[in-house]
**Q** 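I have a structure I would like to understand better, so I am pasting it below and will then ask my questions one at a time.
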Amino acid sequence: MNMNSTVSNSSVSIRDLSLNFGSVSVLKDLNLDINDGEFLVLLGSSGCGKSTLLNCIAGLLDASEGQIFIKGKNVTWEEPKDRGIGMVFQSYALYPQMTVEKNLSFGLRVAKVPQAEIDKRVARAAEILQIQPLLKRKPAELSGGQRQRVAIGRALVRDVDVFLFDEPLSNLDAKLRSELRVEIKRLHQSLQNTMIYVTHDQIEALTLADRIAIMKSGIIQQLDDPTTIYNRPRNLFVAGFIGSPSMNFLRGELVKSGDGIAFMANGVTFSLAGYDANEPLQPGRKVVLGVRPEHIKVNENAGGEEHDATVDIEEPMGADNLLWLKHAGHTMSVRVNGARRFNVGAKVKLSFDMALASLFDAESELRL
Amino acid sequence: MNMNSTVSNSSVSIRDLSLNFGSVSVLKDLNLDINDGEFLVLLGSSGCGKSTLLNCIAGLLDASEGQIFIKGKNVTWEEPKDRGIGMVFQSYALYPQMTVEKNLSFGLRVAKVPQAEIDKRVARAAEILQIQPLLKRKPAELSGGQRQRVAIGRALVRDVDVFLFDEPLSNLDAKLRSELRVEIKRLHQSLQNTMIYVTHDQIEALTLADRIAIMKSGIIQQLDDPTTIYNRPRNLFVAGFIGSPSMNFLRGELVKSGDGIAFMANGVTFSLAGYDANEPLQPGRKVVLGVRPEHIKVNENAGGEEHDATVDIEEPMGADNLLWLKHAGHTMSVRVNGARRFNVGAKVKLSFDMALASLFDAESELRL
Amino acid sequence: MTGQAQAGRPSKLLRNLNAKIASIPMILTALVIFVGGTLWTVFYSFTNSKLLPRLSFVGFDQYERLWAAPRWVTAIENLALYGILSLIFSLVIGFLLAALMDQKIRFENTFRTIFLYPFALSFIVTGLVWQWVLNPDFGIQSVVRSLGWTSFTFNPLYTPEIVIYGILIAALWQGTGLVMCLMLAGLRGIDEDIWKAARVDGIPMWKTYLLIVIPMMRPVFITTIVIIASGIVKVYDLVVAQTSGGPGIASEVPAKYVYDYMFQAQNLGQGFAASTMMLVTVAIIIVPWAYLEFGGGRKRG
Amino acid sequence: MANIGTLNTTAAGIDAVSGRLGDGPTGPKPRPALSPRNIMLYGTLTIAALYYLLPLYVMVVTSLKGMPEIRLGNIFSPPMEITFQPWVKAWAEACTGLNCDGLSRGFWNSVRITVPSVIISIAIASVNGYALANWRFKGSELFFSILIIGAFIPYQVMIYPIVIILREIGIYGTLTGLVIVHSIFGMPILTLLFRNYFVSLPEELFKAARVDGAGFWQIFLKIMLPMSLPIFVVAMILQVTGIWNDFLFGVVFTRPDTYPMTVQLNNIVNSVQGVKEYNVNMAATILTGLVPLIVYFVSGRLFVRGIAAGAVKG
Amino acid sequence: TDLEVTHWWTSGGESAAVAELAKAFDATGNHWVDGAIAGSGGTARPIMISRITGGDPMGATQFNHGRQAEELVQAGLMRDLTDVATAEKWKDIIRPSSLLDSCTIDGKIYCAPVNIHSWQWLWLSNAAFKKAGVEVPKNWDEFVAAAPALEKAGIIPLAVGGQPWQAAGAFDVLMVAIAGKDTFNKVFKDKDAEAAAGPEIAKVFKAADDARRMSKGSNVQDWNQATNLVITGKAGGQIMGDWAQGEFALAGQKAGTDYTCLPGLGVNEIISTGGDAFYFPLLKDEEKSKAQAVLAKTLLDPKTQVAFNLKKGSLPVRGDVDLAAANDCMKKGLDILAKGNVIQGTDQLLSADSQKQKEDLFSEFFANPSMTPEDAQKRFAEIISSAD
Ligand SMILES: Nc1ncnc2c1ncn2[C@@H]1O[C@H](COP(=O)(O)OP(=O)(O)OP(=O)(O)O)[C@@H](O)[C@H]1O
Ligand SMILES: Nc1ncnc2c1ncn2[C@@H]1O[C@H](COP(=O)(O)OP(=O)(O)OP(=O)(O)O)[C@@H](O)[C@H]1O
Ligand SMILES: [Mg+2]
Ligand SMILES: [Mg+2]
């Protein structure tokens, strides 16, 4: 394959990257192309190798095999500082003994940038991030959100091509997290830099990403834009990983029903009318049906078939109300409007929106 | 006041409790009655004194003043083990060198409970929590969720009247957190014990609680059931604290409009038709109008007045889509269905559901 | 994979060059002094070098003579006894003091300073002071006798059977403060919730210490044992200052045997053989530990 | 930590509260200052403290007595007549052979030996620890393991090879040689301390600095050093006391005109002129221990903190 | 020129004696830099040797002449003094000649002997015996017989310090006194293990057993502290070399009236001719080498010899000096020397290694009452059989 042509039109390209810690293989033959100006989120559960991949891109870890290109240049063996990257860490990693200003300018001073230029850049970053009043403080005198802003500023002043974020918001509380999320989004909209963002919070991934790469044990499971990931997960893992509460899975098989195909689980059949399959569905195949909690209607006749269920637990969450229902031997979660309340034990009718459901092969776990 | 009558019908009663660390007063004259079998959540931001209160109830901290009753008995001076309480900690606090079984039974063995009884209780707790296969493992060999289950089991085997939870789920990831949340809810439904649960996660509070006590700097701001807290916050703090994203606040004043009263901010008036005020509204009063993001409709004519706005940022979150809109000099968040997508910069029409809005006095910050 | 793309790979040796340069003193020390010196010593222990090292090999003669020497056997016995007792007592006393100090007491700083100050003093000073305090004609014995209990006998330094305990008293005085500090640091590192959980479970304090906290402090104990043990093997100054190995050879220790035979007896071969034996003993204790602690693929942090 | 009782709760506070709420206990649980628990606690601590203080007391008291009084017996009795003569003698007059200037000469020698030795050994060990924690290379752990095992090797084993090495380099008997020897033998424990400490610092700080373009030395000097005060204090204390108190190397690797204080002390104590002058010996002993003692008294608190940061994390 | 001289003469009498040497050397326009190392030869020798082998030699250093410096000489680290010796005719003046023989290796002279020390003395406190109400003994047997009386009076009969060489030395003395010169030579010179295991030596061990019993309670380390016990009348006597005399002198005591000395324990009037000598490491510095020669000459200067030995309590190495000032005991020694009743010291006969093993044995024997004389003799014979 011709490497150079593939590489040229993307900001960061990773080719056949493998990384082992001793005998443990953490990244396996990974390929990834990130477009210029793209916001790519690496999403995966703890220990799947997200940080490892990010550290490889940053040059903080040496790849065991493979190559990394940034802006078309092979940087596999470059020092971190020569890669044109800036990095923001979960623990902020501010230099505790330096003021905010010193923190911001440290990289520039190391690179012997003239003082005037340093001042200009620090001032600009401080303005963008609205941390001008904090410049003389030490990190210990800042709140978590302010610290994270300074950490971002440190990457900002260095005028880098690629921003790398390693779970930058995990240490903040929920409220601050959602505020800073918006700020990062806004920052990306105004800077239009390439950003690679590691998180295990799917809300962050869904809201921020142009594309999401979902990882599991060092392998990218799906790389797509958030809507596709959410609505058309490529396999069972992605389907279950994204969405809170999880997609409801029903194990069963395909059966003939009239002139079409239906799904049957625990003796109950579900019409598959409206499902957009990738391949012709064969009766007898063992499959898993996945339906998101918000794609089930309760006591609202949507025109399709209806199923009986019993309310097991109700979890009011303010805007929404999450119901855990017992239905044909499964427990199923359903999201309804927060204003609608049910009693535990109440009998309800469900109808499924099959157009938004997913079907997976029970063996290969791939989407049908 | 007659203490005994007040105390007798509640499971835990706290009377005029104050607690100081040196000169710092952490709890201030706190009164709280928790009913038998109730699930009470203490909610508040970090450092507001939630853990301190819980430790007082547990007997791990001595009150500086005031009394604590459990099941009608004054336990202010009792040792923790004699209070009939069990406690579950954020860090699990499992004894690392003991197997799960030993962890569960240690308290009983020390109390010289007969072996047969110990075995019975451990078996029952293990069954309830579904940790039978783990009994022979050490805590280090368990996942976070399993550890937390064992920690709950430790309280369970002791057959206590009151369960105290101190942020039991904070160390778990989002997925596990929502799973265990359901489990705790189920546990409560089956045991019907009194449970006091500290958290700073409002979702946990809203979904689990029979009643929520919202704390700020050692003072309970509002004690009510989740729906009331969510829909009718007693003051500005509670309104802003509960709900994610936060309630939208507009500062303005009450004005006469036709024969009724309207709200005006930045020159834009909002009809207050449908608002259920606690007291007659006087024009000219400085107030804050609070509207939750899901109580604003976008491009859907709800019959009321409409306001023009521009989409600033869109945050798709799967099931929902969060819009940040610019409207009359405010930024406003609005939650719409995840399937509805908007372009940044798009002009939209908003309509407000005033029946679910809140009005606060700008000075006292209390609900009108 | 195109060859051109792979070309940038720099030589392995040059990567991390600064770190390697900075580690040169360490590498030299490790290789030249510790490994080289040790091998040199082991090598010459098979010669009959006298005042100066020379290459005339005598096989295991030096070792045979060593193990036939009553003084060496006594020294080894002393070391074993002293080592075991001082390990046990320092850990027990150090831990007890730390546990007491950890009870939110008043004057914590004062007590800690008192327990720790002997550690600032050299073994020479320690030995001299305790020689003085234990001196039968001036010290404790004479004071108690002068109070009327004339048959009181406490003369460890001049009684061969118990002289090692006299040294132990001084060693504990000098060293337990540091052990206490280490233990205290360890105790302070225990999750507070563990204490709370134990209280809620109704576990008495001593049981909490014994069954929960001490097992949790394993790393601290290991560090402490390493520090104490490395001191025990080397014990020399204290004995020299306090008893000079006396009375007779009752308080001899291996390190002193090595020194005496290397320098006083001008029999390097014998001294080298003795130090090799010490090394073997140390290796038997240390190598498994070092492997567990530092080898075995342990993760960072 | 277990909150078992706060001592400062007083009975008075309890009375005031119970007056208001008539029924049953209220406020903090009364814990008398003289509870059996406190008696046990403070009793044990006090007895232990006495054991630790006794020798110091004996040293001071003896050093202030005249010889006749000492010969009378009781080493614990306070001096009837305080004399500073032993101190004067120990400091400036005691003889070894023909040199009768007491410890004073040794003191300055000790200073001249200790200061550079402490600085250089800490400098080397801290860089080692830093390299081991943050810049591992192939074999670095092996060297470190050797170093740690080296901590157990009796010094006597090493003396002879070191004498030969120093002789071959030609710095035997010089201050440089002694400084090197101290640096070598201080290296294992100090490196362990520093390594553990640097490992305990957040790795992300180091990564951030690398991304910022700082190199090996810049990160060490500008990022790591300013954060390492506690461990430097520990290292400093350990080395000051260790080197100041060293006898063996001082005696083997110096010459009489550069003898450190401990050697001088040993000479004075062992140069018995007639009877042993215990009072002079004790005064000399205290004088010799004074520098490390002061270091401890001044920075003991930091020592414990540093120990917690560096030593305990295996 | 400054010349550093190391030695282990730090007790009161010793340092007074050293001062005489320094004075004499300074008078030649050079400067004696004193490098005293306290704590006896056992502490000092290793330091001296490591400095010489380490390439940082001093200008001159004391050793017991004999075999202590043998290897240093063989390694070429020591300066050849033959030229000085020839010029000063040491061969003629030094007496007994065995002293110079000990300095001679391969026909070259490497050291300057400064004194003769003899071990074979029993020092007795007249006051102690008076207090106990017994006559001052005239020989070892009487001394042993008087022991119970001394003990009854609360006096330690025999003071023995804790340092190992003291016990070993005392045994050697007993051997000469009880077994005689021939046996002594058989054992130490010929290393005859059979003799060492024989009945003669068994008698010596019996005597040593007595000495051990009599020494109970002397809780001191240093030899001069033990001497001090005799001086102050706390102990009845001490077996110690003639250097002890320096301590008596310093305490202002007079031989005959305050204390009594019995050479050869009053049994066999034979003395050994060990002693101290100065060795001169090979130096690169021309100036210093010259100064070394001056020092060597000065050490054997008659005036220096007298002044030094009077203070030190030892005998001069040259027979041609006037010792009018010598006291009672010293004169006794000179007499014996004149009669030729001399033997070589064990330092000259045995290697340091064998000496050390011997010290270990006797130090244990004296401290451990449960060790029978028979066991000790067996071990003694083993040491002799492997001695060199
Ligand atoms: N230095 C190391 N040595 C050995 N294994 C390591 C090392 N660093 C990471 N690992 C392993 O590599 C795997 C991936 O780690 P990584 O830190 O990339 O996970 P992550 O996806 O970032 O997880 P998290 O969300 O917890 O940060 C983990 O299983 C981890 O145990
Ligand atoms: N032992 C103590 N000494 C002094 N102040 C303390 C102590 N423990 C807690 N505090 C202070 O009391 C206040 C309340 O602490 P508390 O632990 O109850 O907060 P919290 O609500 O549980 O917070 P979080 O959510 O972080 O756990 C804090 O300001 C804290 O600094
Ligand atoms: Mg990570
Ligand atoms: Mg808390």
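In what follows, every chain begins at residue 1, and chains take the letters A, B, ... in the order their sequences are listed.
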**Q** Any side-chain heavy atom of A:Val110 sitting closer than 4.5 Å to one from D:Asp212?
**A**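 Not in contact.
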**Q** Just so I know, are the side chains of A:Phe89 and D:Leu205 near enough to count as touching, which here means a heavy-atom distance under 4.5 Å?
**A**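 No, side chains not in contact.
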**Q** For D:Ile223 and A:Phe106: C-alpha separation, side-chain torsions, deciding distance, then whether side chain to side chain contact (heavy atoms under 4.5 Å, CB included) applies.
**A** CA-CA 10 Å; D:Ile223 308 292; A:Phe106 180 68; 3.7 Å; yes
**Q** Do you know which of A:Arg109, A:Gln90, A:Arg83 has the most heavy-atom pairs with chain D at a distance under 4.5 angstrom?
**A**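 So the answer, after comparing A:Arg109, A:Gln90, A:Arg83, is A:Gln90.
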**Q** Shortest non-hydrogen contact from D:Gly213 to A:Lys81?
**A** CA-CB, 3.2 Å
**Q** Give a yes or no on whether A:Glu141 atom CD has more than 12 heavy-atom contacts from other residues, nucleotides or ligands under 6.0 Å away.
**A**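 Enclosed: over 12 neighbouring heavy atoms sit under 6.0 Å from CD of A:Glu141.
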**Q** Would you find a donor on one side and an acceptor on the other, under 3.5 Å apart, between the side chain of A:Gln97 and the backbone of D:Lys222?
**A** yes
**Q** Under 4.5 Å from any heavy atom of chain D, what part of A:Leu164 do you find: side chain, backbone, both or neither?
**A**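 The answer is neither part of A:Leu164.
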**Q** Can you check whether A:Arg158 reaches D:Val211 side chain to side chain, under 4.5 Å on heavy atoms?
**A** yes
**Q** Non-hydrogen atoms of chain D under 4.5 Å away: do they reach the side chain of A:Asn55, the backbone, both or neither?
**A**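 Contact with chain D is through the side chain of A:Asn55 alone.
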**Q** Quick check: are there more than 12 heavy atoms from other residues, nucleotides or ligands sitting under 6.0 Å from CD of A:Glu127?
**A**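 Check fails, neighbour count at 12 or below.
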**Q** Does A:Tyr95 reach the main-chain N or O of D:Pro226 with its side chain, forming a donor-acceptor pair under 3.5 Å?
**A**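 No, A:Tyr95 side chain to D:Pro226 backbone: no donor-acceptor pair under 3.5 Å.
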**Q** Does NZ belonging to A:Lys102 count more than 12 external heavy atoms closer than 6.0 Å?
**A** no
**Q** Checking D:Glu204 side chain against A:Ser91 main chain: does a donor-acceptor pair fall under 3.5 Å?
**A** yes
